[in-house]
Structures are given as structure tokens and as C-alpha cells.
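Here is the naming used below: chain letters follow the sequence lines, and residue numbers restart at 1 for every chain.
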2 protein chains.
Amino acid sequence: MSARPKTSDAGIRAVARKLLEEGGIDNLSMLAVADAVGVRAPSLYKRFSSKSDLLLAVTGDTLLELQASVEKAVHPRSAYRSLERMAAAYRAFAKKNPRAYQLIFEDIPLSLDDRSDRDVRLAAAAALLRILSEAMGEEKALLGARTLVSFLHGFLSMELNELFRFGGDINEAFRFGLSTILNALLGSGGRTRR
Amino acid sequence: MSARPKTSDAGIRAVARKLLEEGGIDNLSMLAVADAVGVRAPSLYKRFSSKSDLLLAVTGDTLLELQASVEKAVHPRSAYRSLERMAAAYRAFAKKNPRAYQLIFEDIPLSLDDRSDRDVRLAAAAALLRILSEAMGEEKALLGARTLVSFLHGFLSMELNELFRFGGDINEAFRFGLSTILNALLGSGGRTRR
DNA sequence: ACCTGAACACCGTTCAAGT
DNA sequence: ACCTGAACACCGTTCAAGT
């Protein structure tokens, strides 16, 4: 008897996330996770079939949080304001969770056939597509979303990896790029550039 | 006596690049490199002080090639045409060298204080900045470059990781995003959207 | 049902010893 | 000068054995 669980699925994911954020992906070993959780490494394999599996679960958690943050920023009446605030929320989340954020876009070709991961990703894009559909029409919304998300992710990827090396104000660069794209996408219906 | 070199600095970098492109970063171990080069692993450490060091060198090679490809695409008379062709060259290079391309933006916080790496990166951006300076004025050029490069890198990062999952024509999405941004940056002086 | 120690194959890296 | 075998600490993962 005995053999009562010393931890939980969610507990392991949380510890993994913490180790990742604190010391990067190299700090996230199954042995370190097991240690922090108070268990031996082999026990982790009862709950996650591999390290990839655990990373995928962490990515899922991160995506859900990112989606929630971005959706909270939607403004009821203005598409421009919504997109501006969603973009700010997106950037704030990425800067607060840099390692987890980068996991979403990098290590995940594994997850292509993972149903739940796919669903979370689609949900995360839904709010953006809805707003752009209303503002640009359904046929252009997907093109607009891809333009906007590409800019956002590219900007964050460069900012987090400290690849903006010519000096200048990074916040201004973000505002400039975002307003350039939003004005172009929303046309004269949107707010004009300040 | 004997002990003549069985390989060279450049030979090792080329093999590493090949292993990386063929089987991803997991395929690029010091033992695999040594094996492919016809030497034992410890010998590699005479030329590269660590695996990171080798990866950094591979990244440098990649950056130089990327810079050369993009610069070849410059058009003598039209800023719009130059930027359009440079963007196409950038995308073509990334799709032809997906793993090496991703290395540039991911694994490289190590290289922040590496002089030569820094220089290569600055040079790679110089052509773009020059063209935008002529078209937008010097004060706006850096902002415009950051907008454009963010879009390009974000788009490629998503495309290479197969994260465009709503269907639709990816080439059309690239053309749409690029022309949206170029028209907005270059104003009525540029070519109008098709 | 869950946990464990022991073991396996594989890493990156160091170093004394060879030619 | 360059290469090598042996060794170290660490990793992901498996599995038979414990309670």
C-alpha cells in the first residue's frame, strides 16, 4: 500500500514552466523537474510519456493564458482600439513569459497532429479573425490577421532575443509598426496615425 | 610526427550545417560531426571551444549567405521593387535553409558580445536601411526597417513551423502582407497595390 | 496504483598520452 | 601540432521490483 501520489499533472506542468522561465530550456530537464516536485525521474513517465509530451502540455497552458490575456483586451465598439489593445496585451504577455512564449513558435512541429493543441491554437486566433471580419470583410480578414500576427510575432521574437541592435526606442518602433499596419488594414475607417 | 590535419575549420562548419539541415538540431551532436568529418569528438575542441562556439560559427556563415542573397536583389531605380525583391529573396533563402535560418533568431543570445557576429548582423541590415533612408527619410528609416523585418521574420517563423493552419494561399498572404506594409511605408511615392 | 533503484544508450567536455 | 582512448558528469528513458 502507501504509494499515494506525491504530485499531480498540473503540479508537474507548473514546476516545468517555472524551471523553464527561470533558467531557459537547458534548465528544464526531467531530473530537475522530478527533483523540484519531490519525486524520482522515472515517476514522471507515469503522467507524461516523454519530455516532448510535457513540453507540449506546458505549451498548451501558455497558449490558454495568452489567449485569455488577449481576449480581455477587446474593446466593445472600436476595431482599431481592440486591435491596438490586443497587440499590447500580446506583447506584455510575451515579455512576462519569454521562454514559454518562444516555446509556442519553436519546439512544436511535434504537435501538428495533436488535437487539443490544434484546438487551442485555433481558438486563440478566433477573436482576432472575428474583429477583422467585421472591419475588413470576411475574404480579407485571414490575410489581415496573418499580416498582423506575423508582425507581432516577428517583433517579439527580435525583442526577446535582443536583436534590435541599432539603438532607438523599441516602444516607439512597436507603436510605429502597429499603427502602420492597422491604418493600412482598416483604411480610413480606422483611427488616423498620431 | 604524422598528426597532419584531417579536416579544417570550414570543413567542420559545412558538415555541421549539413547535419543541422538534414535532421534538425538534435541531429547536430559533436559526435555526429566528428564522425562525418572522420575524426574523434575530442579533436573538434582544438578548433571550436564548445558546441555553442561551433553553432555561432554556423550562424555567421548563414548570415553572410543571407546577406549576399538579399543584396543581390536590390533594384537600381525603384525602392519599391528593391524591397519587394529583397523580401522574396529573404523568404526563398529561409525556405531553402530552414534550420540554419531559425538558428539566427533563436539560439544566439550567447553571441551578444561576439564582435564578428555583431558586425555581420549590422552589415546585413545596412542595405535595407540605405534604401529606406532614401525613400522615407533618415529619421523614419529605422522604424520602417523594424516594421518590415518584424513582418518578414514573423511570417517565415510561422511558415517554417507550419503554424498557418486556417488554410488559404500562403503565397498570397505573403504578397498581401508585404504590399500592405510597403505601400504604407513608401506612401504614394511607391507602387500602388495590385 | 504509484514510486524506486539500477541500468542503458547517448550527450558535451576534459585530459593525459600517443605520433 | 594534431589526434586518440579513457573517463566524468549529465541526460532521457525503460523496467523489474518494491509498497
Side-chain angles (χ1 to χ4, degrees), chain A residues 1-60 99-100 103 106-111 114, chain B residues 1-60 99-100 103 106-111 114:
Chain A
M1 241 143 277
S2 171
R4 294 228 327 284
K6 293 186 177 174
T7 181
S8 67
D9 221 83
I12 293 170
R13 291 191 329 250
V15 162
R17 176 86 170 269
K18 198 172 160 226
L19 287 171
L20 172 68
E21 220 50 85
E22 279 171 4
I25 192 75
D26 291 344
N27 197 39
L28 177 39
S29 70
M30 294 301 265
L31 290 90
V33 171
D35 214 55
V37 140
V39 98
R40 301 294 175 173
S43 297
L44 298 177
Y45 290 82
K46 291 281 152 179
R47 300 176 183 281
F48 299 94
S49 68
S50 67
K51 186 180 179 180
S52 295
D53 196 42
L54 174 55
L55 283 177
L56 186 58
V58 169
T59 304
R99 317 277 195 172
L103 217 54
E106 288 168 19
D107 252 334
I108 322 297
L110 326 157
S111 69
D114 182 288
Chain B
M1 241 140 274
S2 169
R4 296 226 326 285
K6 294 187 177 174
T7 181
S8 68
D9 221 82
I12 293 171
R13 293 194 324 254
V15 162
R17 175 85 170 270
K18 199 174 161 227
L19 287 172
L20 171 68
E21 220 49 87
E22 280 171 1
I25 192 76
D26 290 345
N27 198 39
L28 177 38
S29 69
M30 295 300 266
L31 291 91
V33 171
D35 214 56
V37 141
V39 97
R40 301 295 175 169
S43 296
L44 298 177
Y45 290 81
K46 290 282 150 177
R47 300 176 182 280
F48 299 93
S49 68
S50 66
K51 187 180 178 181
S52 294
D53 197 41
L54 174 55
L55 283 177
L56 187 58
V58 169
T59 304
R99 317 278 195 172
L103 218 54
E106 288 168 17
D107 253 335
I108 324 298
L110 326 157
S111 69
D114 182 285

Pairing partner of C:dA9, by Watson-Crick or G-U wobble and under 3.5 Å for both distances, is none
In this structure, how many angstroms lie between the C1' atom of D:dG12 and the CG atom of A:D53, rounded? 14 Å
Interatomic distance, A:R47 CZ vs D:dT13 P [rounded to whole Å]: 17 Å
Consider the side chain of B:M30, meaning its heavy atoms from C-beta on, and name the nucleotide among C:dG12, D:dT14, D:dT4 that approaches it most closely. C:dG12
Who is the Watson-Crick or G-U wobble partner of C:dG18, with both distances under 3.5 Å? D:dC2
Short question: side chain of A:N27, backbone of A:L20 - any donor-acceptor pair under 3.5 Å? no
On DNA chain D, nearest-nucleotide positions of A:L31 versus A:K46: which is more 5'? A:L31
If you check every side-chain atom of A:V39, which of D:dC11, C:dC11, C:dT4 has the closest atom? C:dT4
Kindly say whether B:S49 contributes a backbone atom to a donor-acceptor pair with the side chain of B:D53 at under 3.5 angstrom? yes
Given atom CG of A:L19 and atom C1' of D:dC11, what is their separation to the nearest angstrom? 15 Å
Round to the nearest Å and state the distance from A:L54 atom CG to D:dC11 atom C1'. 15 Å
Counting N and O atoms only, with roles assigned by atom type, does the side chain of A:T59 sit under 3.5 Å from a partner on the main chain of A:L55, one being a donor and the other an acceptor? yes
Take the protein atom NZ of B:K51 and the nucleotide atom P of C:dC10, then report the distance between them rounded to whole Å. 15 Å
Using whole Å, what does the distance between atom P of nucleotide C:dT14 and atom CG of B:L44 come to? 13 Å
Closest to the B:K6 side chain: C:dC11, D:dT13, D:dC3? D:dC3
May I ask you to decide if A:E106's main-chain N or O and B:E106's side chain share a donor-acceptor pair within less than 3.5 Å? no
Which part of the nucleic acid, if any, lies within reach of B:S43 when heavy atoms closer than 4.0 Å are counted: base, sugar-phosphate only, or nothing? base
Rounded to the nearest angstrom, tell me the gap between atom CD1 in B:I25 and atom C1' in C:dG12. 13 Å
Of the listed nucleotides (D:dC11, D:dC15, C:dC11), which one gets closest to any side-chain atom of A:P42? D:dC15
Listed nucleotide nearest any side-chain atom of B:R40, set C:dT4, D:dG5, D:dG12: D:dG5
Give a yes or no answer on whether the side chain of B:K51 reaches the backbone of B:L28 with a donor-acceptor pair at less than 3.5 Å. yes
A:I12 CD1 to C:dC2 P, straight-line distance once rounded to whole Å: 11 Å
